[in-house]
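Side-chain atoms are counted along with the backbone in the values below, which use heavy atoms only and exclude waters and symmetry mates. Each chain gets a letter, A, B and so on, in the order its sequence line appears, and its residues count up from 1. Computed from a prediction, not measured in an experiment: that's the story for all the values here.
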2 protein chains.
Amino acid sequence: MTSKRQSVTDRIYDALKQEIFDFALLPGDRFTEQEVAQRMQASRTPVREALSRLQRDGFVTVMFRAGWQVKPFDFEKFDQLYELRIFLELAAIKKLCEQQESPALDSLKNFWLVPVKDRLSHGPTVREQDEAFHCQLVEACGNEEMAKVHRNITERLRIIRRIDFTQAPRIEATYKEHGKILRAIIKRRTLEAQRLLQAHILESQAEVQKITLHMLHQARQT
Amino acid sequence: MTSKRQSVTDRIYDALKQEIFDFALLPGDRFTEQEVAQRMQASRTPVREALSRLQRDGFVTVMFRAGWQVKPFDFEKFDQLYELRIFLELAAIKKLCEQQESPALDSLKNFWLVPVKDRLSHGPTVREQDEAFHCQLVEACGNEEMAKVHRNITERLRIIRRIDFTQAPRIEATYKEHGKILRAIIKRRTLEAQRLLQAHILESQAEVQKITLHMLHQARQT
DNA sequence: TTCACTCATCATGTATGCAAGATGGTATTC
DNA sequence: GAATACCATCTTGCATACATGATGAGTGAA
């Protein structure tokens, strides 16, 4: 129903973002508006607008009269985003635990607090659901502005977080940790929930860093 | 030096934002791209781009083929922004207190930790400096992404925060409170600094709410 | 061989033209 | 008199044309 209102700009914006997520456009790649316009079967105007949004979102940069570039990997920036993400989610948990009721948590419970046999095992799907878990946690606390900032951070981290969830142990751990966090929130144990969540994110971050460094090391050797 | 690179779009973006801050464009006001283009002596293209940025920043909204509107006051949103701002600044203080050194704090000390006779008294100037205080606090902790989010929030709250700082007692209080916060940070008393800062912001928020409600009440009576 | 300069080419930034749809006023009907 | 339908006008969304400055290949001199 909302799709009717999708403009050409929106379509191109989504498509480009997806290409970046899918590594069809690699970090550091350079391209022109004309190229994108041809590929997307549109004129430069909506392409420019879409690129402008993506720039504001932190995915691409424009070089004055010299083309566009997919933002190169910047590990310091990723660390900052992880840190900010942790702050936001800790704040969200604090708010959640202070609330009397939080019906918004129900869908989370229904997905994550399930017996082992009902759990998913497909890596990419679990990554998607992991993202949803953290986003919904922030959304549930009722501060839409917080949720918006958090969503942007989540998207910007998606590129490297996909490296996680490639191995079964991490998937299993994710289920276990999410379960623990939810139960702590339900029991209104703020500090415990915060501690668990911080550990959960840091662990995932460490995993990603490890693999990323490995990839970098390999790349340098070639 | 950086001004050379200011495009027409940038100029219009800044000008429009300033007009919104100055209430030359009032919340709820509707206008067209053509109007702005004429006023700014430019074509619709850069106007559109500037408006698009302002929309993303949360200052205006576009109505499909029906003109633009300065975002009307939304007090619930302001509360959310205040809350988010507090979270960010508390996190910044935590980081600052954990750091060994923080030379970035020096300019803050030089401005706020001064004898009474050296203090400014001009309301608008102090408001500007108050904004700078909080922004620099976040910048000093070294997370640029955090600082960026915080800056956007600060700008969006500027419209209502200008109501504050109209009375001498609030200016005096601001000096006193900022001084206390800085001293607590210098002594690495994290919790005390956080408590002071939260109280400081909540007080300012309460003041703004009081005056705003008063204004609304008056507006309804006319 | 290497460095510097020139100029054609190309990419973005800006202006303008055109189309689809929203709006508001007027006329018509009940 | 009220409500509805229709039409002129207006506004944004998209396409295209033009201007300005960046880039890099090629040439000439040291």
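- The CD-P distance, from A:Q55 to C:dT12, rounds to 12 Å in whole Å.
- Atom P of nucleotide D:dT11 and atom CZ of B:F31 are separated by 13 Å, given to the nearest angstrom.
- Remark: C1' of C:dT23 and CD of B:Q69 are 15 Å apart, rounded to the nearest angstrom.
- Annotation for B:L84 and A:V149: closest pair CD2-CG2, 4.1 Å, computed over non-hydrogen atoms.
- Residue B:M63 contributes atom CE, which lies 15 Å from atom C1' of D:dC10 at whole-angstrom precision.
- For D:dG13, one of the phosphate oxygens OP1 or OP2 lies less than 4.0 angstrom from a side-chain nitrogen or oxygen of B:R48.
- Annotation: of the two residues near DNA chain C, A:T45 and A:G67, the 5′-most nearest-nucleotide partner is A:G67.
- Residue A:W68 has no polar side-chain atom (N or O) positioned under 4.0 Å from OP1 or OP2 of C:dA11.
- Residue whose closest nucleotide on DNA chain D sits further toward the 5' end, between A:T9 and A:R30: A:T9.
- Taking a cutoff of 4.0 Å between a charged side-chain nitrogen and a carboxylate oxygen, B:R85 and B:E89 qualify as a salt bridge.
- If you measure from atom CD of B:Q41 to atom P of C:dT14, you get 15 Å, rounded to the nearest angstrom.
- Checked by atom type and distance alone, the side chain of A:N143 pairs as donor or acceptor with a backbone atom of A:E145 at under 3.5 Å.
- Nearer to the 5' terminus of DNA chain D, by closest-nucleotide assignment, is the contact made by A:A42 (compared with the other of A:A42 and A:A66).
- Ring-plane geometry between B:F59 and B:F21 is classed as perpendicular, the angle between the planes exceeding 60 degrees on a 0 to 90 degree scale with a lower cut at 30.
- Rounded to an integer number of Å, the gap from A:F64 CZ to D:dG21 C1' is 6 Å.
- The separation between A:E33 atom CD and C:dG13 atom P is 6 Å, rounded to whole Å.
- The side-chain contact (heavy atoms from CB on, under 4.5 Å) test with B:F111 singles out one residue from B:Q129, B:Q136, B:R119, and that residue is B:Q129.
- Distance from the side chain of A:P46 is smallest for D:dA15 among the nucleotides D:dA15, D:dT12, C:dA11.
- Taking atom CZ of B:R65 as the reference point, atom P of D:dT9 lies 19 Å away to the nearest angstrom.
- For A:S43, the listed nucleotide lying nearest its side chain is D:dT16; candidates were D:dT16, D:dT12, C:dT23.
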